[in-house]
Amino acid sequence: QVQLVESGGGLVQPGGSLRLSCAASGSIFSINAMGWFRQNPGKDRELVASISWNGVSTYYAPSVKGRFTISRNTAKNGMDLQMNSLKREDTAVYYCATSRDWTTDGARYDYWGQGTQVSVSS
């Protein structure tokens, strides 16, 4: 079992920045990748960014590339997501998740955090 706790969500104006963090505990030896997903009511869950456990490989959704940066946070056995130039369409609940594989398939992510709300509005 892996336990995940997200932090850092909130309300920000368009063009602003937020930093999300995810801390992992438990059977972290099983983790090969960590990812940030987001979801709005009635919409499909979307993989925003992911990073391999060793930090070498990263993936970004086209909608966030150049604005978001994912990084490993070894102190928390987790990861961070720096979100800059935020847009209204970035509003969603953001979830931290882990996988035993390097994959962009959400179905292959085994453990999930409780989610943190990001709202971009003026």
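Hydrogens, waters and symmetry mates are skipped; everything else that's a heavy atom, side chains included, is used.
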Legend entry - Residue pairs, two or more places apart or on separate chains, that pass ring pair (Phe, Tyr, Trp, His ring centres under 6.0 Å) and touch residues 12-40: Phe37-Tyr109, Phe37-Trp112
pair [X]-[Y]: side-chain heavy atoms closer than 4.5 Å:
X: Thr116; Y: Leu20; result: yes
X: Met34; Y: Leu4; result: yes
X: Ser50; Y: Trp102; result: yes
X: Ser63; Y: Glu89; result: no
X: Val93; Y: Gln39; result: no

Cut-off 3.5 Å, no hydrogens considered: what does the side-chain donor-acceptor table look like for residues 11-18, sequence neighbours left out?
{"from": "Ser17", "atom 1": "OG", "to": "Asn84", "atom 2": "OD1", "distance (Å)": "2.9"}

Any residue meeting salt bridge (Lys or Arg N to Asp or Glu O under 4.0 Å) with [X], in chain and number order, not counting sequence neighbours:
X: Arg100; result: Asp110
X: Asp90; result: Arg38, Arg67
X: Asp101; result: Arg108

Inset, instruction - Using ring pair (Phe, Tyr, Trp, His ring centres under 6.0 Å) as the criterion, list what pairs up with Tyr95, not counting sequence neighbours. - result: none
Legend entry - Residue pair Val2 / Ala24: nearest heavy atoms and the distance that separates them: CG1-CB, 4.4 Å
Inset, instruction - Indicate whether any N or O donor in one side chain lies under 3.5 Å from an N or O acceptor in the other, for Ser52 and Asn54. - result: yes
